[in-house]
Every structure is written in structure tokens, then in C-alpha cells.
Amino acid sequence: MQAWQVHENGEPGEVLRLADVARPVPGDGQVLLRVRAANINFPDALLCRGQYQVRPPLPFTPGVEICGETEDGRRVIANPALPHGGFAEYAVADVATLLPAPDALDDAEAAALHIGYQTGWFGLHRRAVLEAGETLLVHAAAGGVGSAAVQLGKAAGATVIGVVGGPAKAAVARELGCDVVIDRRAEDVVAAVKQATGGRGADVVYDPVGGEAYAQSAKVVAFEGRIIVVGFAGGTIPSPALNHALVKNYSIMGLHWGLYNTKNPKLVQHCHEQLTELAARGAIKPLVSERVPLSGAAAAVQKVADGLTTGRIAVVMEEAAA
């Protein structure tokens, strides 16, 4: 089979190599899946760079989120078990973690439903307990993680403010349903949020960026607001001033979604049921901005690494596309 492999750490476009390799052999409790589509996530770039919290042995195949097919023809969503990731014709995954792919979504959309939407659902509902009528601020609202949070926020009845970088991403955020869109390159984010909320600020802030985005969040979070920290795509990990959280009465909440797979897997299943229902009635639909063949995976991962994308890029296998 064909698979992209990383033999040394570095930039994805430089270290990913397409090779003919043997099909992976499932271990105990695992299953072999034919990959129908693989969604590209920022962690795939971090894996290539050797900067992710998991460092699989070299050589390995990245690709942490797929829509695959079992031997008996079932279409499933899975997080492949590294080092046999999803940027290949076949991958392996733990049987216990397989989820049925929603009928309402095609392969590329189904592949993009899992990590970003589960993270959004757990962040907004489990951690922040977002309520209808509240104001949600989403950083990087046109990106893969942010776009999921925007759709979930709207589905929950919140007023959504999206922060983006550039007019093209602003247009995408509006199409996603943001009530207010702020271009951080052309506007003062803090002033714009305060103007949009009548000076009150945002009840919930969803931050996958860190750095300057977090500093802005602390300035615009409302009384008894909640800041959900889900990642540091901006490259800088902030150091919050806890005295500021005390003075303004707001909460700083971390979310490592992957922990639920071991700490409370039943919640992951419950979340998937909720997401499947939302997808069935059209309340959410992953924004797949680009579909590329397996041969284009390395360039696509680099594009995600460079922050040049909106929504998701999916690697779609030629057989599945046909």
C-alpha cells in the first residue's frame, strides 16, 4: 500500500515521503481500516516537527482523524493508532473507539467531524456550560477548530462573535453564521468586542490560538465569564495573571479532549450521538474547503502548518472519490 512516512522530524513539506509499505497488522483490540478520507489537523504538523505531546517512533505515518471502512463494509470515524496514521491507504485503530459515520455527511465531512467538533462540544457544553442567549467569542473562527465552535455555538442559541485574520477568512466566518466578525488585522479586537456587546464583554471565549489572542480574551471576558483554552496554534503559551481573574470574576478552563477517551469514554459516545443528531438536521456541517488526493497530502499538511487554510483540508482516496 502507499503511505506517507516521516523518517526525521522537520517541516511537513520537507520530511513527509510517499512510499510503498506493507499493510499494518492490527494488535490486540485493534482493527484494520481502509481509509476513505483523512482530515488534516494542526497536530499532524506538530507530529512531523516532533513537537506534539505524543512522539511515535520513526518512521511513522501521521493522520490522526479518518473516515474508514471495516472489512464488513461499515463506514466509521476513527483516530488511527500511531505509528500507523491516516495518510495511507490503510490504518489501524482501537475497536473500542470506533464511531459510526453519520449518514448525513460524506467521507471528507465525516472525517472532519470528530476531533474539532468533539473539542468544541466538550469545551462549550461540558466545561463552559454555554447557555442560549449568551455571547460566545471564537478566535480563529474560520479555521478548522474555530469553525466547529461557531456552528456549535449557533446551534446552542448563542450570539457568536468571530475573530479572523483577513477579509477572505472574514467572509467564511460570516457564511458560517457569525453574528459579528472582527478582522484582527484591520480592527482593534478589544474595542470591537466591547462595542458589539455594549461594553459587557463575552460570556464564553473559545481560544485555540493562545499568545496575543489570550491577552485579548482576558480584556473582553464578561463578569463570571469563562475562557476555554484549547490550544496554542499561535505558537506562544500565555502566562495568565491570576490576580486579574480574581478581580474580574472569570474562570480559565483548560480542555484536553483526548483525556475523555480514557477518563470517561461514555461521554465521548454521548457527544458523538449529539453531533450526529445535529448533523442530521443540518445544524452543523464540517467546512471542508479543499479535497486533495493522497499524493497531495504533504503539501496540504504544510499549508495547515503555515496557517493558510480555512475550515478543513481532507485527503480523499481516489477509490472513495470514484
Side-chain angles (χ1 to χ4, degrees), residues 3-17 19 21 24-33 35 37-68 76-88 90-99 111-120 122-123 143-145 148 208-210 229-237 254-265 267-268 271-272 297-298 300-302 304-307 312-315:
W4 286 94
Q5 291 190 323
V6 174
H7 289 263
E8 60 184 6
N9 294 125
E11 286 301 299
E14 298 173 1
V15 300
L16 277 166
R17 304 175 196 169
V21 300
V25 178
D28 291 339
Q30 294 183 328
V31 63
L32 181 70
L33 297 174
V35 178
N39 177 46
I40 298 176
N41 288 270
F42 190 67
D44 293 314
L46 296 179
L47 280 164
C48 292
R49 294 168 175 166
Q51 297 175 347
Y52 197 53
Q53 55 256 43
V54 176
R55 299 192 67 174
L58 298 168
F60 68 88
T61 297
V64 298
E65 185 176 38
I66 69 168
C67 175
V76 297
I77 293 173
N79 298 129
L82 299 177
H84 304 297
F87 301 149
Y90 289 85
V92 296
D94 295 333
V95 175
T97 63
L98 298 183
L99 297 168
L113 180 73
H114 196 35
I115 297 175
Y117 281 84
Q118 286 257 348
T119 300
F122 273 90
V145 175
V209 180
V229 179
V230 297
F232 311 105
T236 302
I237 299 176
L255 176 63
H256 179 188
W257 168 75
L259 287 177
Y260 288 96
N261 284 308
T262 54
K263 301 289 187 181
N264 197 339
L267 266 180
V268 175
C271 173
H272 183 66
V301 176
Q302 187 63 56
V304 171
D306 293 338
R312 296 294 193 183
I313 301 182
V315 178

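Values below: every heavy atom of this structure, side chains too, minus hydrogens, waters and symmetry copies. In this text, all values refer to a predicted model and were calculated from it rather than measured experimentally.
Side-chain contact between W257 and V230 is absent, with no heavy atoms from C-beta onward closer than 4.5 Å. Here the side chains of L113 and I77 are in contact, with some heavy-atom distance below 4.5 Å. Residues V92 and P24 meet the side-chain proximity criterion, which asks for heavy atoms closer than 4.5 Å. Side-chain atoms of N79 and T97, non-hydrogen and from C-beta on, never get closer than 4.5 Å to each other. Looking at heavy atoms from C-beta onward, E8 lies in side-chain contact with R17 at the 4.5 angstrom threshold. When side chains are defined from C-beta on, P62 does not count as touching V301, because their heavy atoms never get closer than 4.5 Å. A 4.5 Å side-chain heavy-atom check between E14 and Q302 finds every atom pair outside the cut-off. In this structure, V6 and L16 have side chains that are in contact, with non-hydrogen atoms separated by less than 4.5 Å.
Of all heavy-atom pairs spanning F122 and C271, the tightest one is CE1-CB, 3.8 Å. For the residue pair A78 and A93, the shortest heavy atom distance occurs at CB-CB, 3.9 Å. Annotation for G85 and P80: closest pair CA-CB, 3.8 Å, computed over non-hydrogen atoms. In terms of heavy atoms, V268 sits closest to Q118 at O-NE2, 3.2 Å.
The line from CG of L33 to CG of L98 is 6.0 Å long, rounded to the nearest 0.5 Å. The CG atom of L58 sits 5.5 Å away from the CG atom of N9 when rounded to the nearest 0.5 Å. For the atom pair CZ of F87 and CD1 of I66, the computed distance is 10.5 Å after rounding to the nearest 0.5 Å.
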Can you list, pair by pair, the side-chain donor-acceptor contacts under 3.5 Å of residues 37-50, counting residues two or more places apart and other chains?
from	atom 1	to	atom 2	distance (Å)
N39	ND2	E65	OE1	2.5
N41	OD1	R312	NH1	3.2
N41	OD1	R312	NH2	3.4
N41	ND2	E65	OE1	2.9
D44	OD1	G63	N	3.0
D44	OD1	V64	N	3.3
D44	OD2	N41	N	2.9
R49	NE	E11	OE2	2.9
R49	NH2	E11	OE1	3.3

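In terms of the ring pair (Phe, Tyr, Trp, His ring centres under 6.0 Å) criterion, H84 has no residue partners (sequence neighbours excluded). Applying the side chain to side chain contact (heavy atoms under 4.5 Å, CB included) criterion to A3, with sequence neighbours excluded, gives M1, V21, T61, A88.
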